[in-house]
Amino acid sequence: MKCLIVAFITLLIASSSANSDGYQTNHTRIKRQFSLGSIPIVLTNNGLTTLVDMVVKAGLADALSGPGPFTVFAPINNAFSAVDPSTLNAIMSDITVLRQVIAYHVVESTLPAALFKNELTPLTASGESLRVNVYDSGDAKTVTINGALKIRTIEATNGIIHVINKVLIPEPQSNIIEVLEKKGKFTTLLTALAVAGLTTTIQNAGPFTLFAPTDDAFRSLPAGTLDSLITNREELKKVLLSHVASGTLYKRGLSSGLVPVIAGGNVKAAVGFDGAMFGNAQMIETDLFASNGVIHVINSVIIQPVGQPPKAVFSQRAKAVDNQPSKTVDIQPSKAVDIQPSKAVNIQPSKTVDIQPVKPPVNQQKTRVARTIASMLNENGLTTLADLVVKVGLVNVLSQQGSFTLFAPTNDAFSALDSVTWNALLQDVNLLKRVLTYHIVPSAIPPASMKNELVTNSLSGESLRINEYNNRKVVTVNGALKLKTLEAENGIVYVIDKVLIPDNNKSIVKVLETKGKFTTLMTALVVSGLKNHLDTAGPFTLFAPSDDAFKALPAGVLNSLFTNPSELQKVLLSHVIPTTVYSRGLSSGHLNLARGGKVAVTVSQSGVKISNANVIEADLVAANGVIHVINNLI
């Protein structure tokens, strides 16, 4: 049997070196070519460069280029950025650990998607098992591997690659009880399981999904409730089994609706953009992998499943969680734009975000409560923004009568900020206030008033640009995607997926000047007579070749263009679109050029191409449009 572990030892002796030229990204977008070559080559050609770098560093490129067959579960580049920095540093600094992690993503046989079935547990080259789950979501199926979402499948000459959105971290094979014991915050739950006689079942049977209340969750029960349960074993058993579902339901497999629990009856789940609820409990940590299932951590104890008759012991209303210390959830950063994969692994410190439980209605009286913008933020899971609004003293502004429009970034949007920017905002209240007021317009802009290229002034005094694409189905604000609309008594809230950073309303030319990598382009704009036009007119979309792109031109071409300004102008105008097209507005097809004619656009999971050029950085906001950086001249 071919074994990667043996290959590791062999490669340690052989000390195989990787020829980086052999793994340079091939930007050809012909689908058939993606499948040509061994696994490392196909990974590189499909932009999975961070994994390739790790394979090369581990000395495993030759092993994965061998005859195979292999199945590789390949994390996207952004998945590595979502790993806790200390964990990633430990992996990268220890070659043995690095090899173990890579081997955990490899199965030494071909496992095509057609063979995936729910609860499949293939053995990896590291000697540990993975768990494959298939969830039927109506028209489509969702497939996860240890909870990581399978995005697509690519064939190689020596195996198959399933692209996933998370890095799989191997741990000693631990059952649900052992995972709870390691975490150190489930002492009461473990005691309760022992008293109810359920420890052995939860330890050895399964697979199960356990919604696990923390010690704090048990402490928040009404006085005497826990004591009463401990003395009534059967009632305790029913309560605990109300937290257990049959089968493995990773977060990706949960949807809003009723979840059948082993106690009988159902518990209502509510899964939204900013979090998930199970009964009256908030899921504060999800997808803890166990050898016999999965654990989701919750902040309240589930008292009674739907469809079960109420018991006297639980007749007292549970204590409201609002006065309990808030729990933090580690939401890993996601990159705002990953159009062109980069080989650099850029790990930002993760930021904990306080997700408050959804408050149930106090009563059904007809008393009308004013729902201002400020009061709606926490209610809709926008807790990071709500905390920052309090920090800078904007609560009164967003609570007063009037008419406002707030572009509200999600919690994930704040987590996606790089650590330097995030720390600068937290340490400088004036800067933070300027950023937050940049998200506020001192008048209401209802959806019906949204129109393409609408420019409006924010409370900070700087302008925002609204764009609509695909027959109004896609709406952006400075390139940030509008996710949903919330109405308040004093205005309107548009939830968006990015934090908007004010930049003094620089023109396209001023933005190019500040970046420091467009010296040749700036010279060309002056020679061609286009600099003033791109500095004052607009709006435009500029596909801006970097200095490296000009250096890649054949010898003599650039000098020839500089001696012929009219020809140079035509070339440069082939990079200009006479409207604002953010990355969210790009789709495969053609765009009208400022010089006349069209340019081809190809959008795929691997990136964006404009004619023969790859977009390597997107959505540089300018006062008169937007800039996308490209690596070739069109």
Side-chain angles (χ1 to χ4, degrees), residues 255-256 270-277 331 334 336 353 355-356 358-359 361 368-389 394-395 397-416 435-460 462-502 580-585 587 619 621 626:
S255 57
S256 296
V271 180
F273 184 83
D274 291 303
M277 299 284 293
I331 296 183
S334 57
V353 181
I355 294 186
Q356 302 290 347
V358 177
K359 299 183 179 70
R368 192 165 180 268
V369 180
R371 289 168 54 78
T372 64
I373 289 174
S375 68
M376 290 179 67
L377 297 180
N378 273 315
E379 293 175 11
N380 288 275
L382 301 164
T383 51
T384 304
L385 177 59
D387 290 345
L388 296 177
V389 164
L394 284 174
V395 174
V397 173
L398 294 176
S399 300
Q400 68 187 22
Q401 289 185 347
S403 206
F404 300 98
T405 299
L406 172 65
F407 297 102
T410 63
N411 291 346
D412 283 351
F414 284 100
S415 294
V435 169
L436 294 184
T437 54
Y438 188 50
H439 292 73
I440 302 170
V441 175
S443 60
I445 308 175
S449 297
M450 291 277 206
K451 61 182 181 179
N452 195 44
E453 301 293 5
L454 174 66
V455 177
T456 182
N457 284 327
S458 67
L459 202 58
S460 72
E462 294 159 297
S463 62
L464 300 167
R465 184 180 298 274
I466 295 168
N467 289 94
E468 294 180 330
Y469 310 107
N470 194 17
N471 294 323
R472 297 173 62 96
K473 292 179 182 177
V474 175
V475 177
T476 63
V477 185
N478 283 20
L481 179 66
K482 180 178 78 69
L483 301 172
K484 60 180 176 178
T485 303
L486 306 170
E487 292 186 2
E489 293 198 348
N490 62 337
I492 194 162
V493 179
Y494 294 110
V495 182
I496 57 177
D497 71 341
K498 292 182 189 176
V499 179
L500 310 177
I501 304 297
T580 312
V581 187
Y582 287 96
S583 61
R584 291 287 189 175
S587 58
D619 292 345
V621 178
V626 66

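Atom set for the values below is all heavy atoms of this structure, side chains included, hydrogens, waters and symmetry mates excluded. Numbering starts at 1 and runs along the sequence shown.
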Self-check item: Interatomic distance, Leu394 atom CG to Leu388 atom CG [nearest 0.5 angstrom]
Solution: 10.0 Å

Practice problem: Using only heavy-atom distances, determine whether the side chains of Thr372 and Asn490 contain a donor-acceptor pair under 3.5 Å. | Solution: no

Exercise. Identify the heavy atoms of Tyr582 and Tyr469 that sit nearest to each other, and give their distance.
Key: N-OH, 3.0 Å

Practice problem: Please name the pair of heavy atoms, one in Tyr438 and one in Ser463, separated by the smallest distance, quoted to 0.1 Å. | Solution: OH-O, 3.2 Å

Self-check item: Approximate separation, where rounding is to 0.5 Å, of Ile501 CD1 and His439 NE2
Solution: 6.5 Å

Practice problem: Kindly indicate whether the side chain of Pro502, heavy atoms from C-beta on, has any atom under 4.5 Å from the side chain of Val435. | Solution: yes

Quiz item: When rounded to the nearest 0.5 angstrom, what is the spacing between CG in Leu436 and CG in Leu500?
Solution: 10.5 Å

Practice problem: Measure from the side-chain N and O atoms of Asn411 to the backbone N and O of Thr383, and report whether any donor-acceptor pair falls under 3.5 Å. | Solution: yes

Exercise. Flag the pair Thr476 / Ser583 as yes when at least one side-chain heavy-atom distance between them is below 4.5 Å, and no otherwise.
Key: no

Practice problem: Check Lys482 against Met450 and note the closest heavy-atom contact, atom names and distance. | Solution: CD-CE, 4.4 Å

Quiz item: Any side-chain heavy-atom pair from Arg584 and Asp497 closer than 4.5 angstrom?
Solution: yes

Quiz item: Taking C-beta and beyond as the side chain, do Ile496 and Asn478 meet within less than 4.5 Å on heavy atoms?
Solution: no

Quiz prompt | Heavy atoms of other groups near Gln400 CD, more than 12 under 6.0 Å | solution = yes

Practice problem: Side-chain contact test, heavy atoms from C-beta onward, threshold under 4.5 Å: evaluate it for Val441 versus Tyr494 and give yes or no. | Solution: no

Quiz item: Is a donor on one side and an acceptor on the other found under 3.5 Å between the side chain of Ser449 and the backbone of Ile445?
Solution: no

Self-check item: Heavy-atom side-chain contact between Asn380 and Val495 under 4.5 Å
Solution: no

Practice problem: Test Leu398 against Ile440 for side chain to side chain contact (heavy atoms under 4.5 Å, CB included), laying out the working first. | Solution: CA-CA 9 Å; Leu398 294 176; Ile440 302 170; 4.0 Å; yes

Quiz prompt | Basic-acidic side-chain contact under 4.0 Å: Glu453, Arg465 | solution = yes

Quiz item: How close do Ser458 and Thr437 get, heavy atom to heavy atom, and via which atoms?
Solution: CB-O, 3.7 Å

Quiz item: Below 4.5 Å, heavy atoms only, C-beta onward: do Lys498 and Asp619 meet side chain to side chain?
Solution: yes

Quiz item: In Å and rounded to the nearest 0.5 Å, what is the CG to CG distance from Leu385 to Asn378?
Solution: 9.5 Å

Quiz item: Roughly how far, to the nearest 0.5 Å, is the CG atom of Leu382 from the OG1 atom of Thr410?
Solution: 7.5 Å

Quiz item: What is the distance from atom CD1 of Ile373 to atom OG of Ser403, rounded to the nearest 0.5 Å?
Solution: 8.0 Å

